[in-house]
Amino acid sequence: MSIGELSRLTGVPVRTIRFYCDNGILDSHRTSGGHRIFDPGTAVDQLLLVRRLRALGLSLTAIVDVRSGTVSLADAVTAERCALDTELAALTWRRASLRAVEDAPRAEQATRVALLAAIRDRRSTHDTIVAFWRRMLAPLSPDMLDGFVAMNVPDLPHDPAPDHIAAYAELAALVTDPALHTVMSRQFWRSDRTPIRHRRELLIGVGQACEVAGHRLIANEPPRPGPELDQFVAAHAAARGTRDTPRLRRELLIGATDTDHRINRYWRRTNEIIGTPTAGAAHHWLYDALTQSVNSAPAT
């Protein structure tokens, strides 16, 4: 079969057929006069398969691998679909970012552009936030840390709402600020970290107190002294090898950073995404309860 005849039977231009032959995609032979000829029993099916795979977006390299038997057709199609999934995820993230800028008030659009341009994609942004908490909560076991992350570090869907991706971008910016690490460390360890003998136990005890306080938040109960606060203070006392006293409660408020605007903004933006009370909100509830306890205690 001549190249012209193959072109007429398949509708593929002669120039394209030559290109496929020159790149090893389509089998051909040459006559003594140098003209290309093709096997009439296989050439049409081979060429139509190449065209159909190209129509599905497969690369010429992948098609060569399929034709040579190096890769099965199913594997080649699966690889292309996975690559397309990655591309679509990137495009979806980009579209959500553009919508977030569109939806921002005009005065905030430039700031939002800067925030969104600094984050590459959903996964790397999530990893950045998780890395912050791994440093912050290093005394915890991996299982406990994973539990905290699952409950308190949002993981956006592939097509996030504009306000959620804007909040996510701000979280990523906040965790790269060394000042946030400093004020959160002071919030966890309170006035002085050095007297703490059992850091892991402290984090566990505070976490348990926050879990109970979280139920009070869900019930819209205002902060107040009670068993949740007692559990919080007991965790600090045990970690320091002392007991719950009015003096300890006053010391836990010395240099407190619970009202720091960076901490409050971090947890507020997290809550906007998650939609449920966070550990940070519960921790602040306990701080307010501790403040009430100290202010209402008789002077000594």
Quiz item: Does any pair with a residue in residues 62-79 pass side chain to side chain donor-acceptor pair (under 3.5 Å), and if so which ones, sequence neighbours excluded?
Solution: Asp27-Arg67, Gln46-Arg67, Ser68-Thr70, Ser72-Asp75
Quiz item: Within a reach of under 6.0 Å around CZ of Arg15, are more than 12 heavy atoms found that belong to other residues, nucleotides or ligands?
Solution: no
Exercise. Look at atom CZ of Arg135 and say whether more than 12 heavy atoms of other residues, nucleotides or ligands are closer to it than 6.0 Å.
Key: yes
Taking NZ, NE, NH1 and NH2 as the nitrogens, is one of them in [X] or [Y] under 4.0 Å from a carboxylate oxygen of the other?
X	Y	value
Arg8	Glu5	no
Arg94	Asp121	no
Glu228	Arg224	yes
Asp155	Arg123	yes

Which residues pass the salt bridge (Lys or Arg N to Asp or Glu O under 4.0 Å) test with [X], not counting sequence neighbours?
X	answer
Asp159	Arg95
Arg262	Asp260
Arg36	Asp22

Exercise. Check each of Thr259, Thr257, Asp258 against Gln187 using the side chain to side chain donor-acceptor pair (under 3.5 Å) test, and report the only one that passes.
Key: Asp258
Practice problem: Apply side-chain contact (heavy atoms from CB on, under 4.5 Å) to the pair Leu290 and Leu286, showing each step before the final yes or no. | Solution: CA-CA 6 Å; Leu290 177 61; Leu286 291 167; over 6 Å; no
Quiz item: Is there a donor-acceptor pair closer than 3.5 Å between any side-chain N or O of Ser7 and the backbone N or O of Ile3?
Solution: no
Side-chain atoms of residues 80-93: list all donor-acceptor pairs with protein atoms under 3.5 Å, sequence neighbours left out, distances to 0.1 Å.
residue : atom : partner : partner atom : Å
Arg81   : NH1  : Asp85   : OD2          : 3.0
Thr86   : OG1  : Cys82   : O            : 3.2
Thr92   : OG1  : Leu88   : O            : 2.8

Quiz item: Are Leu9 and Leu47 close enough, and set up right, to give a side-chain contact (heavy atoms from CB on, under 4.5 Å), and what steps lead you there?
Solution: CA-CA 10 Å; Leu9 287 172; Leu47 183 54; over 6 Å; no
Let me have the donor-acceptor pairs involving side chains of residues 103-115, under 3.5 Å, with sequence neighbours excluded, atom names and distances please.
residue : atom : partner : partner atom : Å
Gln109  : NE2  : Val101  : O            : 3.3
Gln109  : NE2  : Ala104  : O            : 3.4
Arg112  : NH1  : Ala100  : O            : 2.9

Self-check item: Shortest non-hydrogen separation from Leu116 to Ser97 and the atoms involved
Solution: CD1-O, 3.3 Å
Exercise. Show your reasoning for whether ring-ring contact (aromatic ring centres under 6.0 Å, His included) applies to Tyr168 and His126.
Key: CA-CA 9 Å; Tyr168 214 51; His126 183 264; 7.0 Å; no
Self-check item: Pair Phe232-His236, ring-ring contact (aromatic ring centres under 6.0 Å, His included): steps then yes or no
Solution: CA-CA 7 Å; Phe232 175 79; His236 278 279; 4.9 Å; yes
